[in-house]
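The structure appears right after this line, and notes come after that.
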Amino acid sequence: MSSPIVFYEGRNFQGRHWECSSDCMDTFRHFNYCNSLRVSGGHCVLYEKPHYMGYQYILSPGEYPDYHWWMGFNNCIRSCQMFPPYRGSYRMRIYNRPDMMGHSMEFMDDCPNVYDRFRYRDIFSCNIMEGYWIFYEHPNYRGRQYFLRPGEYRACGDWGCHNPMVGSFRRMRTLM
C-alpha cells in the first residue's frame with residue numbers, strides 16, 4: 001500500500017523524500033523544504049507552519065511537480081493533515097456577524113461568488129453541519145484557502161484567517 005503523501009525536496013519528484021501516512025504536527029525533522037509532492041488516497045491539508053498554523057493548501061489526490069502547482073507562496077511546508085474520501089451530504093450556514101448572529105444563509109453547494117448570493121462580503125462565523133468545505137479569499141476559488149470540518153466557528157479566526165472577507169467557497173469533494 002502506498003503512503004497518502006510523499007514529499008520531495010526537489011522539483012519534479014527529485015532529491016530527498018519522505019513518505020507520510022498520518023497527520024504530522026512538525027515535518028522539519030523529515031525534510032527541510034518541499035518543492036514537489038504526490039498525494040494518493042484522500043485529501044490533505046498542508047500548512048506553512050508547525051502545529052497546523054499559517055497558510056493552508058488543500059490538495060486532492062494527484063501529482064504536484066512544483067509548489068506553484070498547489071498555489072504555494074513558497075516551498076515551506078511544516079505540518080500536514082490527512083482526510084479520507086468523503087461521499088456524504090454537505091450543509092453549512094454562514095453569518096455576517098460573530099457568534100452566529102446577524103444575517104444568515106444555508107448552503108449545500110459550491111458558491112463561486114459569495115457577494116452575489118449572500119449580499120455580504122464578510123463572513124464572521126459559520127456552522128459546518130455536514131461535509132468538509134474550503135473557503136477562498138477571493139471569488140472564483142482564488143486566493144488564500146481555509147479548510148473547515150464540521151463544527152461551529154464563532155469567529156473567522158477559528159478557521160485561521162485574520163480578515164472575514166470570503167469571496168467564494170466549495171465542498172471538498174471526492175471524485176467518484
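For the numbers below, each heavy atom of this structure counts, side chains included, while hydrogens, waters and symmetry mates do not. Everything numeric in this text was worked out from a predicted model, so none of it was measured.
A donor and an acceptor atom, one from each side chain of His103 and Tyr120, are located under 3.5 Å apart.
Trp70 has its side chain within reach of Cys34: a pair of non-hydrogen atoms, C-beta onward, lies under 4.5 Å apart. Contact of the Arg149 side chain with the Phe83 side chain is registered, since non-hydrogen atoms from C-beta on lie closer than 4.5 Å. Counting only heavy atoms from C-beta outward, the side chains of Asn96 and Phe118 approach each other to under 4.5 Å. Looking at heavy atoms from C-beta onward, Cys20 lies in side-chain contact with Met82 at the 4.5 angstrom threshold. Phe169 is not listed as a side-chain neighbour of Pro112, based on a closest heavy-atom distance of 4.5 Å or more. Looking at Tyr141 and Asp110, their side chains come closer than 4.5 Å, going by heavy atoms from C-beta outward. With contacts defined as side-chain heavy-atom distances shorter than 4.5 Å, the pair Trp18/Glu9 does not qualify. Val114 places none of its side-chain heavy atoms less than 4.5 Å from the side chain of Arg121.
The cationic atom of Arg16 (NZ for Lys, CZ for Arg) does not lie both less than 6.0 Å from the six-membered ring centre of Phe31 and within 45° of the ring axis.
For the atom pair OG (Ser104) and CZ (Arg93), the distance works out to 4.0 Å, reported to the nearest 0.5 Å. Here the SG atom belonging to Cys156 is positioned 10.0 Å from the CD1 atom belonging to Ile123, to the nearest 0.5 angstrom. In this structure, His17 NE2 and Arg38 CZ are separated by 9.5 Å, a value rounded to the nearest 0.5 Å. Taking CG from Asn75 and CG from Leu37, the interatomic distance works out to 11.5 Å, rounded to the nearest 0.5 Å. With values rounded to the nearest 0.5 angstrom, Arg91 atom CZ is found 8.0 Å from Asn127 atom CG. With rounding to the nearest 0.5 angstrom, the CG atom of Asn74 is 8.5 Å from the OH atom of Tyr55.
Although no hydrogens or angles enter the test, the distance criterion places a donor-acceptor pair under 3.5 Å between the side chain of Asp26 and the main chain of Phe28. With hydrogens and angles disregarded, a donor-acceptor distance shorter than 3.5 Å links the side chain of Asn163 to the backbone of Met165. Within the 3.5 Å criterion, the main-chain N or O of Cys80 finds no donor-acceptor partner in the side chain of Thr27. A donor-acceptor pair under 3.5 Å is formed between the side chain of Ser168 and the backbone N or O of His138.
Note on ring orientation: taking the six-membered ring where Trp is involved, the planes of Trp159 and Tyr153 are perpendicular (angle over 60°, cut-offs 30° and 60°). The aromatic rings of Trp133 and Tyr90 sit perpendicular to each other, their planes meeting at more than 60°, with 30° as the lower class boundary.
Smallest separation of non-hydrogen atoms from Cys24 and His30: SG-CD2, 4.2 Å. Closest non-hydrogen pair, Tyr64 versus Trp69, comes out as CD2-O, 3.8 Å. Across all non-hydrogen atoms, the minimal contact from Val166 to Phe135 is CG2-CD2, 3.8 Å. When all heavy atoms of Gly10 and Ser36 are compared, the pair lying nearest together is O-OG, 2.6 Å. Ser40 and Pro61 make their closest contact through CA-CB, 4.4 Å (heavy atoms, listed as atom of the first residue, atom of the second, distance). The shortest heavy-atom contact between Ser21 and Pro4 is CA-CD, 3.3 Å.
Linking ILVMFWY side-chain heavy atoms closer than 4.5 Å, directly or via other members, places Leu59 and Met53 in two distinct hydrophobic clusters. Hydrophobic clustering, with ILVMFWY side chains joined whenever heavy atoms are under 4.5 angstrom apart, keeps Phe124 apart from Met129. Each of Met71 and Leu46 belongs to its own hydrophobic cluster when Ile, Leu, Val, Met, Phe, Trp and Tyr are linked at side-chain heavy-atom distances under 4.5 angstrom.
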CA sep, side-chain torsions, deciding dist, call: Phe147, His43, side-chain contact (heavy atoms from CB on, under 4.5 Å): CA-CA 11 Å; Phe147 172 72; His43 289 81; over 6 Å; no
Given the rule in the side-chain contact (heavy atoms from CB on, under 4.5 Å) test, do Tyr86 and Glu130 qualify, once you have shown the distances and angles that lead to the verdict? CA-CA 10 Å; Tyr86 177 77; Glu130 297 178 88; 4.2 Å; yes
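Through chains of ILVMFWY side-chain contacts below 4.5 Å, Tyr95 is grouped with Met100.
Within 6.0 Å of the CE atom in Met105, the count of heavy atoms belonging to other residues, nucleotides or ligands exceeds 12.
Each of Arg117, Arg171, Arg170 was scored for a salt bridge (Lys or Arg N to Asp or Glu O under 4.0 Å) with Asp109, with one residue passing: Arg117.
Residue pairs meeting the side-chain hydrogen bond (donor to acceptor under 3.5 Å, both in side chains) criterion with at least one member in residues 45-54, sequence neighbours excluded, are Tyr47-Gln81.
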